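As the structure is a prediction and not an experimental result, all values here were calculated from the model. Numbers here are sequence positions counted from 1. Computed from heavy atoms alone, side chains included, the values below leave out hydrogens, waters and symmetry copies.
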Amino acid sequence: MSRDATGLRRGWTTGACATAATKAAFTALLTGSFPDPVEITLPKGQRPAFALAVESLGDGWATAGIVKDAGDDPDVTHGALIRATVRPGAAGSGVVFRAGPGVGTVTKPGLPLAVGEPAINPVPRQLMRGVVAEVAAAHGDAGDVEVEISVDNGEEIARHTWNPRLGILGGLSILGTTGVVVPYSCSAWIDSIRRGIDVARAAGRRHVAGCTGSTSERVVTEMYALPEDALLDMGDFVGAMLKHLRRHPVPRLTIAGGIGKLAKFADGHLDLHSGRSQVNHALLADLAAAAGGSPELVEAVRTANTALGALQLCQQDGLPLADLIADRCRATADDILRGADIAVDIVVIDRAGTIVGRSQGPS
């Protein structure tokens with residue numbers, strides 16, 4: 001297993017594991033023997049080999065299973081057992097995909113799969129078709145098969161993902177565009193934000209909300225009575241959300257979050273993670289000064305330990321620091337949206353979920 005520049009170990013996607021399991025199962029279906037380990041070729045040319053955790057062969061079917069290793073990434077599917085069961089298909093059918101236990105089914109439009117299809121994404125499908133063709137050619141078979149992918153305990157694991165909100169019901173999605181999991185790359189989260197926007201647009205939602213966490217999500221739900229599929233769990237990735245909305249707009253966007261994260265957004269940061277951006281207390285002090293704060297207050301804001309501490313100091317003097325932060329956030333959002341026809345409003349909350357600042361554009 002290779003490592004990235006930080007020394008962290010890379011892993012394999014669910015799609016790569018499902019592909020390897022499919023190759024092993026189809027080989028066994030044709031030959032009676034499972035290759036172990038089983039090697040596949042990924043889109044960028046890597047050739048990883050996977051050890052089989054499960055192999056079973058019956059009359060007209062074969063099943064192989066691989067335990068997903070996500071490397072050093074805190075992936076919710078790390079350790080999941082991914083199975084592929086291959087059966088002969090009708091002549092001329094090609095590869096037909098089925099969702100087995102623990103793999104979801106698409107129930108809402110807006111995803112790159114049709115409603116009713118197994119939640120096996122396009123690149124993993126392409127990889128699986130490729131290994132079926134490879135094995136078929138090696139053994140003189142037509143390659144007309146049914147491939148059923150399942151994930152042990154997948155329905156329970158999926159409750160900790162975006163799948164229920166995206167309308168993927170019954171289990172996990174089989175994902176991956178490169179086959180490789182890059183530790184802490186956050187690509188899966190960002191992809192979920194994009195898919196959430198696509199689903200909301202397909203459902204005709206005219207107002208969506210990007211929230212930094214569960215508290216801000218609860219606040220905007222109470223404010224606007226938004227349906228679940230209009231709520232975007234953007235986390236720290238406000239920039240990724242805005243860039244996708246710039247290309248795929250909706251009429252109205254609410255951005256909601258705590259004072260600390262939105263203070264960073266007000267300073268132009270588009271990734272709000274504490275390890276990748278910090279609160280600029282000099283900016284907060286400038287805002288306090290522009291609002292008429294005394295020199296003593298401005299200096300206290302400049303040296304405050306946290307954005308919340310700065311807010312509390314300003315509240316004591318009746319200065320609307322959170323409103324000023326919200327105004328700056330809206331300006332940052334408008335810069336990223338580059339003229340897209342989206343009305344943006346900002347909601348700033350404290351840790352208790354109390355609204356402490358607002359900024360509203362034209363509706």
**Q** Taking NZ, NE, NH1 and NH2 as the nitrogens, is one of them in Asp323 or Arg358 under 4.0 Å from a carboxylate oxygen of the other?
**A**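 Salt bridge: no.
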**Q** How far apart are the closest heavy atoms of Ala21 and Ile66, and which atoms are they?
**A** N-CD1, 3.5 Å
**Q** I'd like to check Met128 versus Phe97 (side-chain heavy atoms, cut-off strictly below 4.5 Å). Are they in contact?
**A** yes
**Q** Work out which heavy atom in Gly260 is nearest to a heavy atom in Val279; give both atom names and the distance.
**A** O-CG2, 3.7 Å
**Q** Do Leu313 and Val298 land in one hydrophobic cluster if side-chain heavy atoms of ILVMFWY residues count as linked below 4.5 Å?
**A**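 As far as the 4.5 Å side-chain criterion goes, Val298 and Leu313 are not connected within one cluster.
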**Q** Does a salt bridge link Asp229 with Arg205, judged by any charged N lying under 4.0 Å from a carboxylate O?
**A** yes
**Q** Any chance you could measure Thr22, atom OG1, to Leu29, atom CG, to the nearest 0.5 Å?
**A** 12.0 Å
**Q** With side chain to side chain contact (heavy atoms under 4.5 Å, CB included) as the criterion, how do Thr63 and Glu55 come out once you've worked through the C-alpha distance, each side chain's angles and the decisive distance to 0.1 Å?
**A** CA-CA 6 Å; Thr63 297; Glu55 55 181 63; over 6 Å; no
**Q** Does any N or O in the side chain of Asn163 come within less than 3.5 Å of the main-chain N or O of Gly171, such that one atom is a donor and the other an acceptor?
**A**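 Pair found, side chain donor or acceptor close to backbone of Gly171.
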**Q** Between Leu319 and Ala291, which heavy-atom pair has the shortest distance, and what is it?
**A**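 It is CD2-O, 3.4 Å.
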**Q** Between Asn121 (side chain only) and Val123 (backbone N and O only), is there a donor and an acceptor less than 3.5 Å apart?
**A**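 No, Asn121 side chain to Val123 backbone: no donor-acceptor pair under 3.5 Å.
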**Q** Would His207 and Leu226 count as a side chain to side chain contact (heavy atoms under 4.5 Å, CB included) if you check the C-alpha gap in whole Å, the side-chain angles of each, and the deciding distance to 0.1 Å?
**A** CA-CA 8 Å; His207 181 188; Leu226 291 173; 3.7 Å; yes
**Q** Taking C-beta and beyond as the side chain, do Ile82 and Ile149 meet within less than 4.5 Å on heavy atoms?
**A** yes
**Q** Got a second to check how far Leu232's CG is from Arg165's CZ, nearest 0.5 Å?
**A**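 Atom-to-atom, Leu232:CG and Arg165:CZ are 8.0 Å apart.
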**Q** When clusters are formed by joining ILVMFWY residues with side-chain heavy atoms under 4.5 Å apart, either directly or through shared neighbours, do Val103 and Ile157 land in the same one?
**A** yes
**Q** For the atom pair CZ (Phe26) and OG1 (Thr31), what is the distance rounded to the nearest 0.5 Å?
**A**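 Going from the CZ atom of Phe26 to the OG1 atom of Thr31 covers 10.0 Å.
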**Q** For Asp198, is there an ion pair with Arg195 - N to carboxylate O distance below 4.0 angstrom?
**A**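 Looking at Asp198 together with Arg195, the answer is yes, because their closest N to O distance falls below 4.0 Å.
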**Q** Can you find a heavy atom in the side chain of Ile355 that is under 4.5 Å from one in the side chain of Val348?
**A** no
**Q** Return the CG to OG1 distance between Leu262 and Thr212, rounded to the nearest 0.5 Å.
**A**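 One gets 6.5 Å once the value is rounded to the nearest 0.5 Å.
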**Q** Can any side-chain N or O of Asp350 pair as donor or acceptor with the backbone N or O of Ala352 at less than 3.5 Å?
**A** yes
**Q** Taking it one step at a time, do Val356 and Ile349 satisfy side chain to side chain contact (heavy atoms under 4.5 Å, CB included)?
**A** CA-CA 5 Å; Val356 294; Ile349 63 171; 5.6 Å; no
**Q** For residues Thr254 and Asp345, determine if any side-chain heavy atom of one lies less than 4.5 Å from a side-chain heavy atom of the other.
**A** yes
**Q** Compare every heavy atom of Pro164 with every heavy atom of Thr161, then report the nearest pair and how far apart it is.
**A** O-CD, 3.5 Å
**Q** With salt bridge (Lys or Arg N to Asp or Glu O under 4.0 Å) as the test, would you mind laying out the steps for Glu117 and Arg98 before giving the verdict?
**A** CA-CA 8 Å; Glu117 280 290 309; Arg98 306 289 185 202; over 6 Å; no
**Q** Might you confirm whether atom CZ of Arg159 has over 12 heavy atoms from other residues, nucleotides or ligands at distances under 6.0 Å?
**A** yes
**Q** What distance do Ile259 atom CD1 and Leu308 atom CG have between them, rounded to the nearest 0.5 Å?
**A**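 If I round to the nearest 0.5 Å, the distance is 7.5 Å.
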**Q** Donor-acceptor check, side chain of Arg83 to backbone of Asp152, threshold 3.5 angstrom: yes or no?
**A** no
**Q** Less than 4.0 Å between a side-chain N and a carboxylate O, is that true for Lys23 and Glu39?
**A**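 No, Glu39 and Lys23 are not salt-bridged.
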**Q** I need the minimum non-hydrogen distance between Leu287 and Leu324, along with the two atoms involved.
**A** O-CD1, 3.5 Å
**Q** According to a hydrophobic-cluster definition based on side-chain heavy atoms being under 4.5 Å apart (Ile, Leu, Val, Met, Phe, Trp, Tyr only), do Trp12 and Val67 belong together?
**A**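 Trp12 does not cluster with Val67.
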**Q** Could you check if a side-chain atom of Pro43 sits within less than 4.5 angstrom of a side-chain atom of Leu127, using non-hydrogen atoms only?
**A** yes
**Q** Does Phe265 have Arg328 sitting over its ring (NZ/CZ under 6.0 Å from centre, angle to axis within 45°)?
**A** no
**Q** Considering residues, nucleotides and ligands other than Lys108, do more than 12 of their heavy atoms fall under 6.0 Å from its NZ?
**A**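 Yes.
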**Q** Do Trp189 and Leu242 share a hydrophobic cluster, counting only Ile, Leu, Val, Met, Phe, Trp and Tyr and linking them when any side-chain heavy atoms are less than 4.5 Å apart?
**A**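 Both belong to a single hydrophobic cluster.
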**Q** Could you tell me whether a side-chain N or O of Thr107 sits under 3.5 Å from a main-chain N or O of Gly167, the two making a donor and an acceptor?
**A** yes
**Q** Ignoring hydrogens and geometry, is there a side-chain-to-backbone donor-acceptor pair from Arg330 to Ile346 under 3.5 Å?
**A**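 The answer is no, because no donor-acceptor pair under 3.5 Å joins these two groups.
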**Q** Heavy-atom distance under 4.5 Å between the side chains of Met223 and Val347, does that happen here?
**A**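 Met223 reaches Val347 side chain to side chain.
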**Q** Check Asp327, Thr332, Ile325 against Cys329 for a side-chain contact (heavy atoms from CB on, under 4.5 Å) and give me the one that passes.
**A**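 Checked Asp327, Thr332, Ile325 against Cys329; only one passes side-chain contact (heavy atoms from CB on, under 4.5 Å): Ile325.
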**Q** Any chance you could lay out the side chain to side chain contact (heavy atoms under 4.5 Å, CB included) test for Ile342 and Leu245, step after step, and finish with the verdict?
**A** CA-CA 9 Å; Ile342 303 174; Leu245 282 167; 4.0 Å; yes
**Q** Looking only at atom types and distance, does a side-chain atom of Ser277 sit under 3.5 Å from a main-chain N or O of Asp271, one as donor and one as acceptor?
**A** yes
**Q** Do His281 and Thr303 pair up side chain to side chain, a donor and an acceptor below 3.5 Å, judged on atom types alone?
**A**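 Absent: no donor and acceptor within the cut-off.
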**Q** Let me confirm one number: the CD1-CZ distance from Ile40 to Phe50, rounded to the nearest 0.5 Å.
**A** 4.5 Å
**Q** Count the heavy atoms of every other residue, nucleotide or ligand shown that sit under 6.0 Å from CZ of Arg206, and state whether that count exceeds 12.
**A** no
**Q** Is it true that a side-chain atom of Asp141 and a backbone atom of Gly143 form a donor plus acceptor pair closer than 3.5 Å?
**A**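 Flag set: sc Asp141 to bb Gly143 pair under 3.5 Å.
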**Q** Taking atom CZ of Arg338 as the centre, report whether more than 12 heavy atoms of other residues, nucleotides or ligands fall under 6.0 Å from it.
**A** no
**Q** Treating Ile, Leu, Val, Met, Phe, Trp and Tyr as nodes and any side-chain heavy-atom pair under 4.5 angstrom as an edge, say whether Val208 and Met234 lie in one connected cluster.
**A**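 Val208 clusters together with Met234.
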**Q** For residues Lys243 and Leu270, determine if any side-chain heavy atom of one lies less than 4.5 Å from a side-chain heavy atom of the other.
**A** yes
**Q** Closest heavy-atom contact between Leu81 and Ala53?
**A** CD1-CB, 4.0 Å
**Q** Between Cys211 and Val220, is any pair of side-chain heavy atoms under 4.5 Å apart?
**A**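 SC-SC contact between Cys211 and Val220 confirmed.
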**Q** Main chain of Glu156, side chain of Asn153: is a donor-acceptor contact present, judged purely on distance under 3.5 Å?
**A**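 Checked: no pair found.
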**Q** So, the side chain of Lys68 versus the backbone of Thr77: is there a donor-acceptor pair under 3.5 Å, distance only?
**A** no
